[in-house]
Amino acid sequence: MQANKYRVIGVMSGTSLDGLDVALCTFNYDNKWTFKIEEAVTIDYSKDWKSSLENAQNLNALDFIQLHRKYGAFIGKQVKGFIGNRKGVDFIASHGHTVFHKPDEDITFQVGCGAYIAAESGITTVSDFRTLDIALGGQGAPLVPIGDKLLFSDYDACINIGGFANISFDEGMVRSAYDICPVNFVLNQIMEIYFNVSYDNEGLQGRMGKVNEQLLQELNQLIFYDQDGPKSLAREWVENEFWPVLDKSEISVSDKISTCYAHFSDQIAKIIEDKKFNNVLFTGGGAYNVYLLELISNKCNAKLIVPENSIIDYKEALIFAFLGVLRYEQEVNCLKSVTGACKDNSGGCIYLP
């Protein structure tokens with residue numbers, strides 16, 4: 001143990017492109033780890049940045065490298081502004097923004113160069129958390145479960161609903177975790193395309209349509225849902241597997257949205273029921289979706305727990321800050337039981353400015 005207290009900036013950008021989450025977190029160790037989110041903010045992306053990140057997968061190699069560096073400098077600048085005159089920040093831990101995630105091809109890439117974050121902010125930076133696990137034969141995801149295990153052990157399971165829904169829980173002495181289904185990555189795109197708004201506020205649009213049983217059955221029968229973990233989802237899967245099923249249906253947009261809600265709640269509730277959980281912690285932007293949580297609650301017997309807003313909004317930024325702490329301590333921050341790697345590992349590159 002190098003230190004029993006850390007003050008860290010956690011930085012996260014999710015697939016739903018809601019913005020750049022920046023959280024100042026304190027961690028203390030006294031037989032177990034405890035935490036506090038001192039302050040946090042979501043920095044909205046400009047139209048240019050949102051477009052650049054959305055279309056990054058289409059860039060040529062040179063432009064992609066330039067984006068990687070520019071986005072790193074952008075993160076460094078934003079964090080520097082957030083820190084202001086605060087003293088005593090030990091380091092920054094940045095997840096970056098995932099552009100490519102094809103673990104079956106040994107590929108994962110998060111833009112946001114850690115060297116440029118460190119150079120721009122003047123603060124030691126930990127980044128690139130996924131690559132080592134990929135090199136060790138893992139999925140490079142999910143990374144959050146070690147944080148769930150060490151920071152949120154009071155709950156039978158933790159479910160985060162962001163661009164994708166994922167779950168983390170203990171089975172005996174082993175942590176299990178995997179992606180469940182897409183959620184906001186699909187809903188937000190539909191809302192932007194057809195309603196010119198960024199998301200479905202509290203699920204109000206979802207309530208307006210009717211569930212199409214044929215489409216619901218086709219979505220629930222996608223092969224991914226029959227696979228055992230470790231498994232993970234990404235943009236590529238949605239484009240290749242999910243959208244074709246949705247696009248070929250000739251029902252109204254409202255009915256498609258309602259059917260998506262039924263599908264997402266089916267998949268999430270099924271896991272909760274199969275595992276017989278008594279209480280489940282829900283975080284991520286989807287925890288504000290009243291309609292989605294109602295559907296899940298109606299389909300399972302567990303108590304769904306929605307914590308204070310700072311945890312809902314910034315749990316992933318908090319946990320990436322914690323992954324940075326574990327990396328700094330040279331402790332395991334990525335579990336083979338959830339990624340499928342050949343061994344537990346401690347991923348992340350450390351840049352000293």
Side-chain angles (χ1 to χ4, degrees), residues 1-4 6 8 10-12 25 27-35 90-96 98 101-110 114 124-160 164 166-180 227-234 271 275 281 283 315-351:
M1 178 71 64
Q2 296 181 33
N4 61 5
Y6 286 94
V8 184
V11 183
M12 174 71 192
C25 310
F27 301 95
N28 290 278
Y29 185 82
D30 185 7
N31 295 320
K32 71 173 186 176
W33 286 104
T34 58
F35 71 89
D90 293 304
F91 55 85
I92 298 164
S94 176
H95 170 267
T98 298
H101 185 68
K102 298 181 180 182
D104 292 342
E105 300 176 29
D106 297 336
I107 294 172
T108 191
F109 200 94
Q110 290 71 43
T124 297
T125 298
V126 188
S127 66
D128 192 18
F129 286 96
R130 299 184 187 273
T131 302
L132 177 59
D133 190 75
I134 290 282
L136 292 169
Q139 294 265 320
L143 296 182
V144 168
I146 187 70
D148 288 342
K149 182 177 181 67
L150 297 178
L151 300 179
F152 295 95
S153 59
D154 292 341
Y155 306 98
D156 289 347
C158 297
I159 292 180
N160 187 80
F164 300 90
N166 54 67
I167 188 168
S168 167
F169 57 96
D170 277 341
E171 286 189 304
M173 298 299 292
V174 177
R175 195 73 182 181
S176 293
Y178 43 84
D179 285 341
I180 303 172
Q227 297 172 349
D228 296 326
K231 58 181 182 177
S232 58
L233 291 168
I271 291 173
K275 299 298 181 182
L281 180 71
T283 57
K315 178 170 174 274
E316 286 192 293
L318 163 75
I319 288 185
F320 275 98
F322 184 58
L323 295 184
V325 169
L326 295 177
R327 175 66 183 90
Y328 225 73
E329 288 281 341
Q330 299 181 41
E331 298 286 343
V332 168
N333 66 4
C334 191
L335 300 169
K336 66 179 182 179
S337 63
V338 302
T339 69
C342 64
K343 63 178 182 178
D344 294 340
N345 56 87
S346 187
C349 297
I350 300 176
Y351 296 93

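Note that these values count all heavy atoms, side chains included, but never hydrogens, waters or copies made by symmetry.
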**Q** Just so I know, are the side chains of Glu329 and Tyr6 near enough to count as touching, which here means a heavy-atom distance under 4.5 Å?
**A** yes
**Q** Assess the residue pair Asp179 and Ser232 against the criterion (side-chain hydrogen bond (donor to acceptor under 3.5 Å, both in side chains)); give the C-alpha distance rounded to whole Å, side-chain angles, the decisive distance to 0.1 Å, and a yes or no.
**A** CA-CA 5 Å; Asp179 285 341; Ser232 58; 4.8 Å; no
**Q** Is the Phe169 ring parallel, tilted or perpendicular to the Tyr178 ring (thresholds 30°, 60°)?
**A** perpendicular
**Q** Hey, does Asp170 have a side-chain heavy atom less than 4.5 Å from the side chain of Lys149?
**A** yes
**Q** Heavy-atom distance under 4.5 Å between the side chains of Cys334 and Thr339, does that happen here?
**A** yes
**Q** When rounded to the nearest 0.5 angstrom, what distance separates OG1 in Thr131 from CG in Asp106?
**A** 11.0 Å
**Q** Roughly how far, to the nearest 0.5 Å, is CG of Leu150 from CH2 of Trp33?
**A** 9.5 Å
**Q** Given side chains that start at C-beta, do those of Ile134 and Gln139 come closer than 4.5 Å, heavy atoms only?
**A** no
**Q** Using ring pair (Phe, Tyr, Trp, His ring centres under 6.0 Å) as the criterion, point out the one residue from Phe27, Phe320, Tyr351, Tyr328 that pairs with Phe91.
**A** Tyr328
**Q** Testing the basics here: between Glu171 and Ser176, what is the closest heavy-atom pair and its distance to 0.1 Å?
**A** OE1-OG, 2.8 Å
**Q** Using 0.5 Å steps for rounding, measure from the SG atom of Cys25 to the CG atom of Leu151.
**A** 9.5 Å
**Q** Which residue is it: Leu326, Asn333, Asp133? I am looking for the one with a side chain to side chain contact (heavy atoms under 4.5 Å, CB included) to Ser346.
**A** Asn333
**Q** Identify the heavy atoms of Arg130 and Ala141 that sit nearest to each other, and give their distance.
**A** NH1-CB, 3.2 Å
**Q** Mind checking the CG-CG spacing from Leu318 to Leu323? Nearest 0.5 Å is all I need.
**A** 9.5 Å
**Q** Any side-chain heavy atom of Asn28 sitting closer than 4.5 Å to one from Asp30?
**A** no
**Q** To the nearest 0.5 Å, what is the distance between NZ (Lys231) and CD1 (Ile180)?
**A** 9.0 Å
**Q** How about Thr283 and Phe152: do any of their side-chain heavy atoms sit closer than 4.5 Å?
**A** no
**Q** Yes or no on side-chain contact (heavy atoms from CB on, under 4.5 Å) for Thr108 and Gln110, after CA distance, side-chain angles and deciding distance?
**A** CA-CA 7 Å; Thr108 191; Gln110 290 71 43; 2.9 Å; yes
**Q** Answer yes or no: is there a side-chain heavy-atom contact under 4.5 Å between Lys315 and Asp148?
**A** yes
**Q** Are the side chain of Ser127 and the backbone of Ser94 linked by a donor-acceptor contact shorter than 3.5 Å?
**A** no
**Q** Side chains of Thr124 and Ile350: does their closest heavy-atom pair fall under 4.5 Å?
**A** yes
**Q** Kindly compute the distance separating NZ (Lys32) from OG1 (Thr34), expressed to the nearest 0.5 Å.
**A** 8.0 Å
**Q** Where do Leu335 and Val332 come nearest, in terms of heavy atoms and distance?
**A** CD2-CG1, 4.0 Å
**Q** Mind listing the closest non-hydrogen atom pair of Gly348 and Arg327 along with its distance?
**A** O-NE, 2.7 Å
**Q** Taking all atoms of both residues into account, what is the closest heavy-atom pair of Lys336 and Ala341, and its distance?
**A** CB-O, 3.3 Å
**Q** Please find the pair of heavy atoms, one from Pro230 and one from Ser337, that lie closest to each other, and give the distance.
**A** CG-O, 4.0 Å
